[in-house]
Amino acid sequence: MKTCILYAGKYGTTEHIAKMIQSKLGNDAVLINLTDQKKPDISAAERVVIGSGVYMGKARKEVRHFCKTRASELSSKRTALYLCCMENVEAEVEKYFQKAFPEAVLSKAIVHRRFPGALVRSQKEGWMTRAMFERMRQTNAERKEPVEQWVAAFVETITR
Ligand SMILES: Cc1cc2nc3c(=O)[nH]c(=O)nc-3n(C[C@H](O)[C@H](O)[C@H](O)COP(=O)(O)O)c2cc1C
C-alpha cells in the first residue's frame with residue numbers, strides 16, 4: 001500500500017521524524033516536503049502521513065494550507081498526523097492540533113500525536129534561536145522521551 005509522508009518544518013526535526021516513519025514503512029513510502037512541492041499528486045496513495053513543526057503555537061503554513069485545500073481528497077484516505085513541538089502538556093498539544101488541521105481532517109485521522117521538538121540542530125539558527133535550541137536540548141535531555149518507540153507505535157497504528 002503506497003504511503004505519502006507530507007511534511008513541512010524549518011530546522012530539521014519534522015523531516016527527521018518523517019524519515020524515521022519512512023524507514024519503518026519501507027519502499028512504498030514516499031517523502032514529500034510541502035515547502036518544495038506545494039501541490040503534490042497524492043492520488044495513488046492510500047495512506048497519507050502529514051507532519052509539521054510548531055512555531056509560536058502554529059503549524060507551518062504549507063501544512064495548514066495543504067490540509068485546508070485538500071480536505072475532501074484526504075477524506076478518502078487513511079490519514080495520520082503529527083506535530084513536532086516542545087510543549088508536552090496534552091491539552092496544549094491538542095490545541096495545536098485543532099489550530100493546525102481542519103476539523104474534518106483531524107477527526108478522521110487514525111492517529112494524531114506529538115513528537116518532541118528540537119531533536120536535530122540546524123545551520124539556520126540565528127543567535128536567538130540558537131539560545132532557544134540550547135535550552136530545548138537540555139529540556140529534551142531531562143525528559144528522555146522514547147522517540148524511536150513512539151515512532152514505531154505510530155507506524156504500527158497506521159499499518160494495522
Ligand atoms: C521560533 C520558534 C518558535 C517555537 N514555538 C513553539 C511553540 O509555540 N510551541 C512549542 O511547543 N514549540 C515551539 N518551538 C519548538 C519547535 O516546535 C521545535 O523546535 C520543532 O522541532 C520545530 O520543527 P522543525 O525542527 O522541523 O523546524 C519553537 C521553536 C522556534 C525556533
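Numbers here simply count residues along the sequence, with the first being 1. Start at 1 and go down the list; that is how both ligands and their atoms are numbered.
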Quiz item: Rounded to the nearest 0.5 Å, what separation is found between the NZ atom of Lys10 and the CZ atom of Arg60?
Solution: 6.0 Å

Nearest-neighbour protein heavy atom for [atom], which is reported as residue plus atom name and distance:
atom: atom 26 (O) of ligand 1; answer: Thr14 OG1, 2.6 Å
atom: atom 12 (N) of ligand 1; answer: Met86 N, 3.3 Å
atom: atom 19 (O) of ligand 1; answer: Ala118 N, 3.5 Å
atom: atom 5 (N) of ligand 1; answer: Met56 N, 2.9 Å
atom: atom 11 (O) of ligand 1; answer: Glu87 N, 2.8 Å
atom: atom 25 (O) of ligand 1; answer: Thr13 N, 2.9 Å

Quick check: does [X] get an N/O under 3.5 Å from an N/O on ligand 1?
X: Glu15; result: no
X: Gly117; result: no
X: Gly12; result: yes
X: Gly53; result: no
X: Cys85; result: no

Quiz item: Do the two ring centres, one from Tyr7 and one from Tyr82, sit under 6.0 Å apart?
Solution: no

Please identify which atoms of ligand 1 are closer than 4.0 Å to at least one heavy atom of [X].
X: Cys84; answer: 17 (O), 20 (C)
X: Met132; answer: 2 (C), 29 (C), 30 (C), 31 (C)
X: Lys10; answer: 24 (P), 26 (O), 27 (O)
X: Gly57; answer: 7 (C), 8 (O)
X: Met136; answer: 15 (C), 19 (O)

Self-check item: Considering all heavy atoms, the nearest Ile32-Cys4 contact
Solution: CD1-SG, 4.0 Å

Self-check item: Verify same cluster id: Val63, Leu83 (apolar side-chain graph, 4.5 Å)
Solution: yes

Quiz item: Can you hop from Ile5 to Leu34 via hydrophobic side chains spaced under 4.5 Å?
Solution: no

Quiz item: Relative to ligand 1, is Thr129 under 4.0 angstrom through side chain, backbone, both or neither, heavy atoms considered?
Solution: side chain

Quiz item: Considering only heavy atoms, does Lys58 approach ligand 1 within less than 4.0 Å through its side chain, its backbone, both, or neither?
Solution: neither

Quiz item: Considering Tyr11, Tyr55, Tyr96, which one's heavy-atom position lies nearest to atom 9 (N) of ligand 1?
Solution: Tyr96

Quiz item: When you measure from atom 14 (N) of ligand 1 to each heavy atom in Val93, Thr139, Val54, which option holds the nearest one?
Solution: Val54

Quiz item: Does any non-hydrogen side-chain atom of Arg137 lie less than 4.5 Å from one of Arg121?
Solution: yes

